[in-house]
Novice: 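One structure is given below, represented as structure tokens, and several questions about it will come after.
Note that the numbering runs from 1 along the sequence shown for the chain.
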Amino acid sequence: MKAFFKKSPSKTFHKKQLLTRRLFLLFVSMPTWFRMLVVLSLAQLPPSFVALGAFIASSHQYRLNHQKEAQLIATESARTIDDSVDILAYDVRNIFDEEGSYDFADMGECSLLIQHMQSLGFVPVDYALMDTSGRLLCKSDNFKVNTAVLLPFKPIGENNFYNVDILDNEGQLQFSFLGGHYPLSKYLVVGQIGRDSLLKIIERKVVPDGSALFLAQKSHLLPLISPKKPLLKQSHPVVIPTFDNSINLIYDNNLPPFRKVDLLFVLLPVLIWFMTASIGWVVVHYMLLRPLRRTQRAIVDYGKTGEIQKIKPASIGAAREIRQVSKAFYHVAVRLAAHERALRNALQHQKMLTREVHHRVKNNLQVVSSLLSIHSRRAETAKEKSAYATIQRRVNALAIVQRQYYNELDKGQGLDLSLLIKELVNGLQTSLQTFEKNFQIETEIDQVFVPLEKAMPIAFILVEIVDFSLAVDPLLPITIILQHHSAEFENTPDHAGLEIRAEALKQLSSRKGNEVIRRIISAFGRQLGGKSVEKEEDGYYYYDIDILPD
């Protein structure tokens, strides 16, 4: 077995399973009309084979019947011609049985003899009388003098006393014999039978329509019946020897190998297959495929536009199940549309409430900022005014973040951090007192977007650092750098680096009472969630921030 199988039977069987599965998947992926055509064609194979077998059997029987019929016709025709010529020769010879020793040199007696011989025939025959040297003594009016008699005359066979020859140029059959008993007779009798006479002999034996009948002797050919149309290549002529095998009778019925009714057995399965495929295609197309395509287009259009008006129900001619599916989809679409309208109304109401809340928060922050400003102007000492200004800067920072978020609420892409920092810087510089006007904040900012939960800590970190720097020395500058960094790998968010440089930060750890500020800045830095670097001795803070896509 190992020598027989190059591979193990299990692997061979597994490969056959894979091939079968692939063919099945390929067939399933074909269009429905093609699969239907394949199934109908396979269903028509058994009746097609039955019809083909019936056609072959019928054609074979048809050929056998016609071959037998042709054999019978040819045999009867040959025997009839042979017997007819035999009878004519015997009747004429009987005349010479008594008169064979007489002298027929007299033309009058010779002509009477010729007329007597013609009167004995049942078909027209032309005769001539010759002597044994070949000299013509007398003849009938239509006798052809160009004879095929070989002299000295000798019969072909012992049983036949006459010879038969074909005169193809004249279109006649000629028989000749010696008058009286051979070899004592002195006269040679020659008879010629024309084509019409031969046909009259066999006219009831041959089917004349399209058939062919010939007499052949070596290279000589005498056509008795010529076909009205060319002989078919599939024809099988029948050859029957006659006149002691000296002449052959050839008959061909010139009929096709099969009948038209036999061809119908082959065409009938094709017609049935065509009609079945056509009816099946019409039924499947108008009852299944077309309604399904309309339902599919309705689903696609509804998915694009969401309009129920574009949903067209299945036609009445569609299958009942498809109509039910179409109605069910329409009802589902109506319910979805109602839910969508309710959700849109709820979302619109929620947006309105959110806007109202943000608007009230913004107004309240403005009110608080205005109250702080009023109380700051009523303060008597510089320390009180500075405290009010510090609180007001934090409230303003919160108000700026709130206002930015309120403006970007409908866009849904977060807060523009670059715009927020610039507005914070402008607000901080605007709120400075007279002796703090030389305080400078430099910025180098890229445009990035961050969510609200990251914008708020950034704003408070900046305010805390600015307040501390103002408390240390208003002349010390602050630099804010915001750079956008693209993601190094796919499926990872972009990020930005926020860098704050201030000389005052170097004194944050050395001065007393600044622990609260350090904890506040660290707490807001942890809320950013990214990597952070706090080097107070170098006056340097760095925060890595995940940002939103543009």
Novice: Within the side chain of Q192, is there an N or O that forms a donor-acceptor pair under 3.5 Å with the backbone of A128?
Specialist: no
Novice: Looking at residues at least two apart in the chain, or sitting in another chain, which of them share a side-chain hydrogen bond (donor to acceptor under 3.5 Å, both in side chains) with S197?
Specialist: none
Novice: With sequence neighbours excluded, tell me which residues meet side-chain hydrogen bond (donor to acceptor under 3.5 Å, both in side chains) with D86.
Specialist: Y162
Novice: With sequence neighbours left out, write down each residue that passes side-chain hydrogen bond (donor to acceptor under 3.5 Å, both in side chains) with S140, or none if nothing qualifies.
Specialist: D126
Novice: For E340, check side chain to side chain contact (heavy atoms under 4.5 Å, CB included) against everything at least two apart and list the hits.
Specialist: Y302, R344
Novice: Which residue is it: I247, T242, L224? I am looking for the one with a side chain to side chain contact (heavy atoms under 4.5 Å, CB included) to I81.
Specialist: L224
Novice: Look at the side chain of Q118 and the backbone N and O of V125, then say whether any donor-acceptor pair between them is shorter than 3.5 Å.
Specialist: yes
Novice: Not counting sequence neighbours, which residues clear side chain to side chain contact (heavy atoms under 4.5 Å, CB included) with H349? List them please.
Specialist: M352, L353
Novice: Quick one: does K139's side chain get under 4.5 Å of I114's, heavy atoms only?
Specialist: no
Novice: With H220, which residues qualify under side-chain hydrogen bond (donor to acceptor under 3.5 Å, both in side chains), at least two apart?
Specialist: D168
Novice: Using a 4.5 Å cut-off on heavy atoms from C-beta on, say whether the side chain of I87 contacts that of D91.
Specialist: yes
Novice: Under the rule for side chain to side chain contact (heavy atoms under 4.5 Å, CB included), what residues qualify as partners of V239, not counting sequence neighbours?
Specialist: N248, I250
Novice: Could I get the full list of side chain to side chain contact (heavy atoms under 4.5 Å, CB included) partners for D416, not counting sequence neighbours?
Specialist: S418, L419, Q447, F449
